[in-house]
Novice: 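Encoded as structure tokens, here's the structure I'll be asking about.
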Amino acid sequence: MATAATTASPATGALAANPALLLRGLRKAFVDVVAVDGLNLEVARGECFGLLGPNGAGKTTTIEICEGLTTADSGTVELLGLDWRRGEAELRQRIGIQLQETQFPDKLTVEETIRLFRSFFHRGIDVEEIIKSAELEEKRKSRVVGLSGGQKQRLAMACALVGNPELLFLDEPTTGLDPQARRHLWDLVDELKKAGRTIILTTHYMDEAERLCDRVGIMDHGKIIALGTPAELISSVGGEHIVEFALSGSPTFDPATLLVIPGIQSHRIDAGLHQLAVSELHTAVPLIFTKLAENGWHLSEFRTHSATLEDVFVSLTGRNLRDA
């Protein structure tokens with residue numbers, strides 16, 4: 001993709017004094033539902049920040065407030081040092097937005113659609129360059145109605161970028177895409193990161209957040225409940241690996257029997273499965289089998305996986321990320 005006008009490296013420690021996004025005490029309620037509850041957040045310039053959470057967590061409302069589509073009840077919202085009340089016209093020229101689903105006019109071609117969006121900006125990227133960057137050359141004369149889901153998402157990305165934005169909002173950009181189309185959009189985001197653009201990404205795919213984001217904020221009940229790099233959040237689970245198992249029948253199970261095993265950090269039950277956070281898998285698993293056998297507990301399921309951001313979310317909220 002074309003490079004931004006300015007570049008910045010993602011923050012790895014304290015955030016810069018002049019963040020790309022600043023939220024302080026943000027609050028939004030709908031009738032008797034508090035969607036955003038006193039939210040505080042900073043995103044550094046040049047950072048790819050992921051906002052995660054289940055349906056109803058408040059992340060969509062938060063993003064819509066940031067994009068200027070919804071007005072907050074109270075709190076501070078600053079983008080690139082500006083706010084929507086005093087700097088709307090300038091902000092519209094400096095940010096880009098890709099919605100989860102964008103409805104383009106069916107009868108326009110790809111090229112006509114991009115030229116239409118380019119006309120909204122005082123300055124921006126050349127249409128030919130955007131078409132090439134989005135790998136839409138072969139579809140430039142095709143009407144929107146005939147595009148595949150992946151091609152429409154690449155077109156949406158192209159339209160979001162044609163104004164050469166400093167700050168880019170990507171709202172679940174790969175939802176519903178096949179694996180190949182999904183990975184192509186990941187490559188596009190990688191190029192945007194290399195160009196130093198600031199990206200705010202919402203997604204329900206944990207592998208996507210781990211792959212693309214410098215930092216991640218997990219949101220629930222209108223608040224940020226965890227914040228850090230993917231590696232930092234995963235390490236907070238208490239172990240590098242998760243052991244899941246189910247027992248046949250209805251035995252009386254005492255987790256304390258397993259928690260004495262070296263390397264086992266914690267135990268919880270999720271959807272009928274026992275989950276152990278384990279730091280040393282190779283030594284813990286044989287001892288788990290031994291303890292289960294000694295107590296007459298018989299396995300009906302057993303599996304292991306590396307700890308993920310979804311494990312972080314479940315450990316914090318007791319719910320899977322995609323639970324409504």
Novice: Could you check whether atom CZ of Arg183 has more than 12 heavy atoms from other residues, nucleotides or ligands sitting under 6.0 Å from it?
Specialist: no
Novice: So does Leu233 get a backbone contact from the side chain of Ser236, meaning a donor-acceptor N/O pair under 3.5 Å?
Specialist: yes
Novice: To check you understand the geometry: which heavy-atom pair defines the closest contact between Ala57 and Met219, and what is its length?
Specialist: CB-O, 3.3 Å
Novice: Distance from Ile288 atom CD1 to Phe302 atom CZ, nearest 0.5 Å?
Specialist: 5.0 Å
Novice: Hey, mind stepping through Ser279 and Gln265 against side chain to side chain donor-acceptor pair (under 3.5 Å) and telling me if it holds?
Specialist: CA-CA 7 Å; Ser279 59; Gln265 307 296 326; 3.3 Å; yes
Novice: Does Arg143 use its side chain to pair, donor to acceptor, with the backbone of Asp106 at less than 3.5 Å?
Specialist: no
Novice: Please table the atom pairs, donor to acceptor, closer than 3.5 Å between any side-chain atom in residues 109-116 and protein atoms at least two apart or in another chain.
Specialist:
unit_1, atom_1, unit_2, atom_2, d
Thr109, OG1, Glu112, N, 3.1
Thr109, OG1, Glu112, OE1, 3.4
Glu111, OE1, Arg140, NE, 3.3
Glu111, OE1, Arg140, NH2, 3.3
Glu111, OE1, Lys141, NZ, 3.0
Glu111, OE2, Arg115, NE, 3.1
Glu111, OE2, Arg115, NH2, 3.2
Glu112, OE1, Thr109, N, 2.9
Thr113, OG1, Thr109, O, 2.8
Arg115, NH2, Glu128, OE2, 3.4

Novice: Looking only at heavy atoms, what is the nearest atom pair of Ile264 and Val278, with distance?
Specialist: CG1-CG2, 4.2 Å
Novice: Can a salt bridge be assigned to the pair Arg154 and Glu135 using a cut-off of 4.0 Å between side-chain N and carboxylate O?
Specialist: no
Novice: What's the verdict on side chain to side chain contact (heavy atoms under 4.5 Å, CB included) for His274 and Leu258, showing C-alpha distance, side-chain angles and the deciding distance?
Specialist: CA-CA 11 Å; His274 296 275; Leu258 299 182; over 6 Å; no
Novice: Give the C-alpha distance, both sets of side-chain angles, the deciding distance and a yes or no for side chain to side chain contact (heavy atoms under 4.5 Å, CB included) between Cys66 and Ile200.
Specialist: CA-CA 10 Å; Cys66 294; Ile200 311 293; over 6 Å; no
Novice: Is the backbone of Leu309 close enough, under 3.5 Å, to the side chain of Glu210 for a donor and an acceptor to pair up by distance?
Specialist: yes
Novice: For the residue pair Asp220 and Pro54, what are the closest heavy atoms and their distance?
Specialist: OD1-CG, 3.7 Å
Novice: Shortest non-hydrogen contact from Gly25 to Asn40?
Specialist: N-OD1, 2.7 Å
Novice: Can you tell me how far the CG atom of Asn295 sits from the OG1 atom of Thr290, to the nearest 0.5 Å?
Specialist: 11.0 Å
Novice: Which atom pair, heavy atoms only, marks the closest approach of Ala160 to Leu168?
Specialist: CB-CD1, 3.9 Å
Novice: Can you check whether Val243's main-chain N or O pairs, donor with acceptor, with Thr304's side chain at less than 3.5 Å?
Specialist: no
Novice: Can the ring centres of Phe104 and Phe117 be said to be less than 6.0 Å apart?
Specialist: yes
Novice: Checking Val189 against Arg211 for the side chain to side chain contact (heavy atoms under 4.5 Å, CB included) test, could you report, in this order, the C-alpha distance in whole Å, the side-chain angles of both residues, the deciding distance, and whether it holds?
Specialist: CA-CA 10 Å; Val189 174; Arg211 165 78 164 70; over 6 Å; no
Novice: Write down the atom of Arg45, the atom of Gly81, and the distance for their closest heavy-atom approach.
Specialist: NH2-N, 4.1 Å
Novice: Enter the distance from Glu47:CD to Ile199:CD1 here, rounded to the nearest 0.5 Å.
Specialist: 10.5 Å
Novice: Taking atom CD of Glu294 as the centre, does the number of heavy atoms from other residues, nucleotides or ligands within less than 6.0 Å exceed 12?
Specialist: yes
